[in-house]
S.K.: 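One structure coming up, written as structure tokens, with questions to follow.
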Amino acid sequence: MSKKLGFGLMRLPLQNENEAGNIDFEELNKMVDTFLERGFTYFDTAWMYCGFKSEEAVKVCLVDRHPRDSFTLTTKLHSGFIETMEDRDKIFNEQRRKTGVEYFDYYLLHDVNSHSIEVYNEFDCFNWIQQKKDSGLVKHIGFSFHDGPELLDKILTEHPEFEFVQLQINYLDWDSAGVQSRKCYEIACQHHKPVIVMEPVKGGTLAQIPEAMEAKMKAYNPDASIPSWAIRFVASLDNVKLVLSGMSNYDQLLDNTSYMQDFKPLNEEEYKLIDEAIEAINANITFPCTGCSYCTEGCPMNINIPKYFSLYNADLQEVETKGWTPQGEYYVNLTKTFGKASECIQCGQCEGVCPQHLTIIDYLQDVAAHFEK
């Protein structure tokens, strides 16, 4: 795996942006082909991505169209879908069927945290995933992680068999008291486990930074996109093996592959600009949502939580002198398809699955007060 960019298949091009599984296969074919042509090989999917359609899209756009030895494929077992011992193999075998591969190059326990680990322990998933590797159905095993450094240290101490860990790292979360990216990265280094990075652009948050900060970055390097700063930040870390980017259109893929083909780490001046960006963004952002959409699958009121949070953050980042802003109109348009923020029944299922541990119920009340006044 010589190049440090991976294709994250959680946010794919859609024919209808309000239908997670309505994938634009023609656009995705072009993206997959270009990604491979430019020398990149790593594709990352999971059981529930794109309304449970991402793994099937892998078969259509990648596996059926390219030789097996031309790409590496990763998928994951999520604790939320395991209720019996049999469910582990049932899901794994269905993943092989959906993707059309005999084996997975990389296989992960998905979103290990203080709650999910109880499920993984109850159903002996740590031994189970090792058995999959021993049988040749999986080449490399690891886990993705959304929790604190203490738990990460405990897991890596108890399970040295894991070959890598997938962590949420980006320059906004690097020193965040909630996510603790730096501390988790340092734990992985202490255990000599290479890191795969997820959410390097924090669900798009770091693609749309305050205008004054964007102007400074563009003045320094007019040709560099704003997301490129975020991806290069994490790729510059010595123990980072790979950076996953969820590329939802062809232009994003062209941009990412352009500067990652011949990757150059950040220099001292660029690090200083990123420090300024962190300060500027923290002064504006309200809800640190990454847009993973785990919260939406089981919402009884069909509330599009990530989109509402994104609109709220964007509206608060608008300059006060602008007057009318488009976010309120977007919100009204979305409520024709989805439940309103005010229709939340406070069941709490969303907060139970949120990798960022956000107080979503409280945030939805803020969204309702802001957009439904």
Side-chain angles (χ1 to χ4, degrees), residues 8 10 44 76 78-79 108-118 120 142-160 162-206 209 229-246 266 271 274-292 294-295 306 309 313 350-360 362-363:
M10 183 167 76
D44 173 276
K76 313 172 187 79
H78 195 286
S79 64
L108 288 76
L109 296 184
H110 197 169
D111 186 15
V112 176
N113 58 56
S114 56
H115 301 290
S116 67
I117 196 168
E118 295 178 3
Y120 291 132
F143 61 94
S144 62
F145 184 79
H146 287 286
D147 214 301
E150 296 82 9
L151 181 61
L152 181 59
D153 185 39
K154 183 175 186 292
I155 294 170
L156 290 175
T157 300
E158 294 176 354
H159 296 285
F162 280 105
E163 299 169 77
F164 65 96
V165 59
Q166 188 162 303
L167 298 174
Q168 176 174 319
I169 305 178
N170 55 70
Y171 66 70
L172 197 60
D173 289 329
W174 186 238
D175 288 312
S176 159
V179 180
Q180 303 182 86
S181 288
R182 181 202 292 266
K183 291 182 178 179
C184 288
Y185 171 78
E186 289 171 349
I187 291 294
C189 292
Q190 289 170 22
H191 286 270
H192 307 290
K193 303 298 181 185
V195 170
I196 292 177
V197 171
M198 56 186 164
E199 300 292 352
V201 193
K202 201 169 171 66
T205 296
L206 302 183
I209 61 176
W229 288 76
I231 290 176
R232 287 180 61 228
F233 173 84
V234 290
S236 296
L237 295 166
D238 289 340
N239 194 40
V240 165
K241 177 181 185 178
L242 189 87
V243 181
L244 293 174
S245 178
L266 294 175
Y271 276 118
I274 281 179
D275 286 340
E276 289 186 44
I278 293 168
E279 190 173 339
I281 295 166
N282 281 334
N284 288 278
I285 197 166
T286 306
F287 302 159
C289 169
T290 67
C292 72
Y294 293 179
C295 57
F309 286 179
N313 283 332
C350 55
E351 294 186 358
V353 298
C354 176
Q356 312 306 318
H357 310 297
L358 303 181
T359 55
I360 294 174
D362 292 338
Y363 287 172

S.K.: Is the closest side-chain heavy-atom distance between Asn113 and His115 below 4.5 Å?
M.R.: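 The answer is yes, as the side chains (C-beta and beyond) meet within the 4.5 Å cut-off.
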
S.K.: What distance separates Leu237 CG from Ser181 OG, expressed to the nearest 0.5 Å?
M.R.: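 With rounding to 0.5 Å, CG (Leu237) is 9.5 Å from OG (Ser181).
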
S.K.: As a quick check of understanding, evaluate side chain to side chain contact (heavy atoms under 4.5 Å, CB included) for Phe164 and Leu108, giving each step before the final call.
M.R.: CA-CA 9 Å; Phe164 65 96; Leu108 288 76; 3.8 Å; yes

S.K.: State, to 0.1 Å, how close Ser245 and Ile231 come at their nearest heavy-atom pair, and which atoms those are.
M.R.: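 Between these two residues, the closest heavy atoms are OG-CD1, 3.9 Å.
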
S.K.: Working to the nearest 0.5 angstrom, can you tell me the gap between Cys350 SG and Tyr363 OH?
M.R.: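 It is 12.0 Å, given to the nearest 0.5 Å.
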
S.K.: Does CD in Glu186 sit with more than 12 non-hydrogen atoms of other residues, nucleotides or ligands closer than 6.0 Å?
M.R.: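 Counting neighbours around CD of Glu186, more than 12 heavy atoms of other residues, nucleotides or ligands fall under 6.0 Å, so yes.
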
S.K.: I need the minimum non-hydrogen distance between Cys289 and Phe309, along with the two atoms involved.
M.R.: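 Nearest pair, atom of Cys289 first, then Phe309: CB-CD1, 3.9 Å.
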
S.K.: If you round to the nearest 0.5 Å, how far is CH2 of Trp229 from CG of Leu266?
M.R.: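 Answer rounded to 0.5 Å: 7.5 Å.
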
S.K.: State, with a plain yes or no, whether a side-chain heavy atom of Asp173 is found less than 4.5 Å away from one of Ile169.
M.R.: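 Result no, sub-4.5 Å side-chain heavy-atom pair not found.
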
S.K.: With a 4.5 Å heavy-atom cut-off, do Gln166 and Leu242 have their side chains touching?
M.R.: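 Side chain of Gln166 against side chain of Leu242, heavy atoms only: no contact under 4.5 Å found.
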
S.K.: Has Lys202 got a side-chain atom pairing as donor or acceptor with Gly291's backbone, closer than 3.5 angstrom?
M.R.: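 Checking the backbone N and O of Gly291 against the side chain of Lys202, no donor-acceptor pair under 3.5 Å is found.
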
S.K.: Just wondering, do Pro288 and Leu358 contact through their side chains at under 4.5 Å, heavy atoms?
M.R.: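 Sidechains of Pro288 and Leu358: in contact.
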
S.K.: If you look at every heavy atom in Ala188 and Leu156, which pair is closest and at what distance?
M.R.: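 In this case the closest contact between Ala188 and Leu156 is CA-CD1, 4.2 Å.
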
S.K.: Considering non-hydrogen atoms only, spot the tightest contact between Glu163 and Pro194 and give its length.
M.R.: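 Result for this residue pair: O-CD, 3.3 Å.
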
S.K.: Are the side chains of Pro355 and Thr290 in contact, using a 4.5 Å heavy-atom criterion?
M.R.: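 Heavy-atom side-chain distance check fails, nothing below 4.5 Å.
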
S.K.: Start with the C-alpha gap between Asp44 and Lys76, add the side-chain angles, then the distance that decides, and say whether side chain to side chain contact (heavy atoms under 4.5 Å, CB included) holds.
M.R.: CA-CA 9 Å; Asp44 173 276; Lys76 313 172 187 79; 2.8 Å; yes

S.K.: Quick one: does Asn313's side chain get under 4.5 Å of Thr205's, heavy atoms only?
M.R.: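 They are not in contact (no side-chain heavy atoms under 4.5 Å apart), so the answer is no.
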
S.K.: To the nearest 0.5 Å, how far apart are OG in Ser176 and CZ in Arg182?
M.R.: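 Going from OG on Ser176 over to CZ on Arg182, the span is 12.0 Å.
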
S.K.: About how many Å separate CD1 of Ile155 and NZ of Lys193, when rounded to the nearest 0.5 Å?
M.R.: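 With rounding to 0.5 Å, NZ (Lys193) is 12.5 Å from CD1 (Ile155).
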
S.K.: Check for a donor-acceptor pair, side chain of Tyr185 on one end and backbone N or O of Asn239 on the other, with a separation under 3.5 Å.
M.R.: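 At least one qualifying donor-acceptor pair exists.
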
S.K.: Any side-chain heavy-atom pair from Asp147 and Leu152 closer than 4.5 angstrom?
M.R.: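 No. Closest side-chain heavy atoms not under 4.5 Å.
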
S.K.: Do the rings of Tyr271 and Phe233 sit parallel, tilted or perpendicular, given the 30° and 60° boundaries?
M.R.: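 Rings of Tyr271 and Phe233: perpendicular, over 60°.
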
S.K.: Please determine which of Phe143, Tyr294, Phe145 meets the ring pair (Phe, Tyr, Trp, His ring centres under 6.0 Å) test together with His110.
M.R.: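 Running ring pair (Phe, Tyr, Trp, His ring centres under 6.0 Å) over Phe143, Tyr294, Phe145 with His110 returns exactly one hit, Tyr294.
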
S.K.: Do you know which of Glu199, Gln356, Gln180 makes side chain to side chain donor-acceptor pair (under 3.5 Å) with Gln168?
M.R.: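 The side chain to side chain donor-acceptor pair (under 3.5 Å) with Gln168 is passed solely by Gln356 among Glu199, Gln356, Gln180.
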
S.K.: Main chain of Ser79, side chain of Ser116: is a donor-acceptor contact present, judged purely on distance under 3.5 Å?
M.R.: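 A pair under 3.5 Å: no.
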
S.K.: Quick one: SG on Cys184 to CH2 on Trp174, what's the gap to the nearest 0.5 Å?
M.R.: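 Between Cys184 SG and Trp174 CH2, I get 10.0 Å after rounding to 0.5 Å.
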
S.K.: Between Leu206 and Ile281, is any pair of side-chain heavy atoms under 4.5 Å apart?
M.R.: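 Leu206 vs Ile281: side chains touch.
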
S.K.: Evaluate side chain to side chain contact (heavy atoms under 4.5 Å, CB included) for Val165 paired with Val195, printing each intermediate quantity in order.
M.R.: CA-CA 5 Å; Val165 59; Val195 170; 4.1 Å; yes

